[in-house]
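Chain naming here is simple, since letters A, B, ... match the order of the sequence lines and numbering starts at 1 in each.
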Amino acid sequence: MGLLDRFRPKKQEKEPSKEEAKDKASSSLDKNLKYLKDKLKDCNDVVYREFRVGNRQQFRFALVYVDGLVDRNMLNEEVLKSLMLQTKHANLSPGIITGDVFSIALRSGLTTSEVKEEEYIDKSMIALLSGDSLVLVDGYKKVLVIGSKGWPSRGVQEPQTESVIRGPRDGFTETMRFNTALLRRRLRDPNLKIKQIKVGVRSKTDVALAYMENIVDKNVLKEVEKRLESINIDGVLESGYIESFIEDRKYSIFPQVQSTERPDRVAASLLEGRVAIITDNTPFVLLVPATLNILFQSSEDYYERWFIASFIRILRYASAFISLVLPAVYIAITSYHPGLIPTDLALYIAGTRTGVPFPAFIEAIIMELTLELLREAGIRLPGPIGQTIGIVGGLVIGQAAVQAGLVSPIMVIVVAITAIASFAVSSYSVGIAFRILRFFIIALSAVLGLYGLVMGLLLTLVHLCSLKSFGVPYLAPLVGNTYYELGDALVRAPQTVMYRRPKTLAGGNMIRMRVGGAKGTSGGGSGKDGDEGGGGEAKAGSVKAGDGNGKGKAGERKAGGGRDNGQKSGGQQEGGPGTGE
Amino acid sequence: MNDQEKITSNQLMAIMLSTIIGIGILTLPRTVTEAAGPDGWMLVLAGGVVAIILSVVISRLGLMFPGKTVVEYSGDIITKPLGFIFSLGFFTYYVLFCAFEARVFAEVTKQFLLDRTPSEAIIITMLLGAAYLARQDIATVGRVGEMLVPVFILPSILFLLPGIPEMDLTNLLPFMRTSPGKLLTGFGTIVTSYLGFEALLLFQPFMARPRDAAKAMTVALSAIILIYVLAVVTAVAMFGVVEIQQLIWPTFSVYRVIEIPGAFIENIHGVVMALWVVAVYTTLAVFFFAAVTILGRILALKEYSFTALPLALLIYFLALVPNNVSQVYNYLDAFSLYLGIPFGFVLPAVLYIIARVRGMGKEGGNGREKQAKKSG
């Protein structure tokens, strides 16, 4: 959509500079403290604690942290206590200490696990503001950055937006570290890479790219990195900010990036070769590339038996279609082609419409808009009031409007079915896209009848066909030469049938599982060696046991032994390095 | 638009299926029956075979000049000025084809779906919709084709099944009684219903593997032959040779007769009409796309999607020129004779012969060298 871009001023050269001039730390503690206090003037949440270390209290130290962002107990115990008390009793000769107090503090003074040296004081200030603490040592030109992040955070809870009947109940939270841990817990594979960058000139939000190194499509990965790096915004408060910068077509109604709260979904996507973008401060993780098909899937599809999952998937597609066209079909048929439906029905509909003062189009628009209003009002209001709105709205619209003769009862039914159908679409943003498009198609069919309806659908389809997400056609695998992936599109084939990774997404290592192997020794063995990993583990083991076939990186732990030295069970291989719950 | 995404041979097949099946199929049973009586379906078959042969010729021609469309290599073959005239004629051909397609569509829609809507409204919405696709790239066109072909072909064939009791295959007898001379004269009219395959002149360089074009075209055209024969046979079997000549659009009339037992939908012709909207849309949009592409290449524009909307306006006015249906079909016959047959059948073959005689193409390395020079 270059059309609107043309009217924009040319992108000005990076106005807010991405990196500030780098200031090195000084060797004087006072200077460093002054620098920090100058920069962080009027930041009352920053705490400065100066103290002395050594058996004769001869070394001046300072601890700086942001109150509320750090684990204060940890700082007290592992930093202040170890430095102040334990070094006091240590029998250190002054010579050694004056020689390199810094590295002694680093090596044996601090009992925290995460310590970094930092040369630049402004960089360490960023670390300070993201929750690390700084230890400054007088006479030394480096700053110790102690990983002490610990702030009040929401625990791992069940995701609100994507609940499932069967499947894990944990969801991402606002803390990125938790989120990466949730992923790592599912994919104990060295190929799971989590690359971290900072986005946002002012917010300096942590953004992590997660991908499976030997599965991901390298071109997609490169493109994602390129687009992420080109983001030049002051603050990133939610992954939606990032989405709007990396999506292919800004002016499309359809989302071209998937967002999810479910770690199992992200893990499954990574195994398909997709890239996850985890943003700090939001539980919504972005997944690219996204196709319409993927957006119609739910993670539960893979946990239920395939027959049920297939049925539900077809239902979902059908409901999206219904939510798109049903009111338009009703309008087109009642106002233009009553001959298309059985005469009895046509007469009945005409009968219910007698006395209704509006044409069907206005009637539909009124009802649809009221419904959207109700929905929006219900979301924003707290639970109990929201219900009240629902009841009042339902009564007003359903009963009173019909009794007053403002709308026909059939229209109420049509609108209600449409609403229910639109909620059955698994992705909220896709559901909204279809809901908005519905108005466009209603308008077209109100003017041009069935022909308008078909034109509306055709234009929608052309638009969908023209979309691409990171080089992947939005309608894949329905288009392109990837017909074997149709097993995971309108239906969900049994896992053993889907033994290949989707070609449209994955970049290598195409064989997902060895179908024969799962039934043979390795699969069976893994089931019985239950004490290692439990059911879930064993299943994962047997599923992945055949991997090392294609490009066959032997380093892949899951691929390994199961097949090569036949007798060893895949489950054992898998369960071994894990923690073993 | 040079680093465009390529299309697969399946997508080419889909484009061809959806392009060639358009307004022609509506009148096909009547025109062939007028020409050859009950032997009309053989005419359809023969016309299809000719189309296949020519599409193979075109694909050979395309392979001689890899990476070039006919707009560029016609200049190489028959000198620049003549090539320019050829391209301009080709462009006119597509523009007029779009105009006819839009006008006939409007007439049929008025007849069967929207009797009180002005033709202008139908034509302009159709053209705007087609312009939207014509603005996209070829890969999008390919994907649209891939999505739509099953949508409009499969149900149309399935809907014929309940009509089987109404059909009387003896209407197709007597067999082989038409005189060869009559068959030959009818041949000229039948080949025009295969027009559209010559778009390969433009699309071949956009294929991921241009070598597969001939195969894909053969498959697509064979499928079209089957569909056409089916349309003719069902129409003749249902109405008989005499009655069919009284119907303007016999293919639709077939669906007016058929009733699906126990179905919710009373008249399936409405649904078939909707499917036919899809078929016309794809035809029109692909021709539109071809016109936009040729224009862009004649003018050597880098980005030529903006020409779509002005073209839509031009086509709109052209579509409104004929006064009524019969005039539309008179013009259409003239169009087929003076532009359709030359550009679809004669000129590609002539270009191929000249190119072979001049020893151009890959053997001489001529085409490639020139291309290298141009791009370099």
Side-chain angles (χ1 to χ4, degrees), chain A residues 1-3 5-6 249 291-293 321 325 328-329 332-333 335-347 443-468 471-483 486 489-490, chain B residues 5 7-11 14 105-106 108-110 112-117 121-122 124-126 128-137 139-148 150-152 208 263-271 273-282 285 303 305-306:
Chain A
M1 281 315 276
L3 200 66
D5 282 329
R6 254 177 246 157
R249 291 258 293 263
T291 66
L292 191 66
N293 179 37
F321 189 71
V325 302
V329 168
I333 286 183
S335 12
Y336 287 91
H337 324 287
L340 290 186
I341 49 176
T343 321
D344 291 347
L345 185 64
L347 285 176
L444 268 177
S445 60
V447 182
L448 292 167
L450 205 53
Y451 160 60
L453 169 70
V454 174
M455 278 311 280
L457 287 178
L458 278 174
L459 291 179
T460 310
L461 182 80
V462 170
H463 178 67
L464 283 171
C465 285
S466 73
L467 284 180
K468 287 177 102 180
V472 177
Y474 198 54
L475 287 182
L478 299 173
V479 295
N481 276 352
T482 49
Y483 299 114
L486 287 177
L490 288 172
Chain B
E5 200 191 335
I7 53 172
T8 65
S9 69
N10 280 353
Q11 284 171 339
F105 172 75
V108 178
T109 311
K110 262 179 88 85
F112 291 100
L113 273 183
L114 301 165
D115 43 2
R116 277 177 301 172
T117 308
I122 300 173
I124 197 73
T125 44
M126 193 61 175
L128 287 178
Y132 184 58
L133 181 58
R135 287 176 54 90
Q136 316 291 337
D137 62 341
T140 304
V141 178
R143 289 195 282 264
V144 170
E146 235 176 333
M147 291 296 291
L148 287 181
V151 168
F152 73 83
F264 168 73
I265 299 163
E266 186 102 318
N267 296 313
I268 54 164
H269 83 265
V271 178
M273 192 59 217
L275 298 176
W276 185 71
V277 172
V278 176
V280 171
Y281 176 80
T282 50
E303 232 278 340
S305 60
F306 68 89

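In this structure, a donor-acceptor pair under 3.5 Å is absent between the side chains of Tyr336(A) and Thr117(B).
Using a 4.5 Å cut-off between heavy atoms, Leu448(A) touches chain B through backbone and side chain atoms alike. Looking at Ile122(B), the atoms closer than 4.5 Å to chain A (heavy atoms on both sides) sit in the backbone and in the side chain alike. Using a 4.5 Å cut-off between heavy atoms, Met273(B) does not touch chain A at all. With a 4.5 angstrom heavy-atom cutoff, Phe112(B) does not touch chain A via any of its atoms.
Scanning all heavy atoms of the two residues, the minimum distance from Val462(A) to Gln136(B) falls at CG1-CG, 4.3 Å. Here the shortest heavy-atom pairing between Val479(A) and Arg143(B) reads CG2-CD, 3.4 Å. Taking both residues in full, the closest heavy atoms of Met126(B) and Tyr451(A) are given as N-OH, 3.1 Å, listed atom of the first, atom of the second, then distance. In terms of heavy-atom proximity, Cys465(A) sits nearest to Met147(B) at SG-CG, 4.0 Å.
Counting only heavy atoms from C-beta outward, the side chains of Trp276(B) and Val454(A) never approach each other to under 4.5 Å. The shortest distance between side-chain heavy atoms of Leu450(A) and Val277(B) does not fall below 4.5 Å.
Of the listed residues (Thr109(B), Leu114(B), Val151(B)), the one with the most heavy-atom contacts under 4.5 Å to chain A is Leu114(B). Here Val144(B) is the residue among Thr282(B), Asp115(B), Val144(B) with the most heavy-atom pairs under 4.5 Å with chain A.
We find the CG-CG distance between Leu340(A) and Leu113(B) to be 7.5 Å, quoted to the nearest 0.5 Å. Rounding to the nearest 0.5 Å places CG of Leu458(A) at 9.5 Å from CG of Leu133(B).
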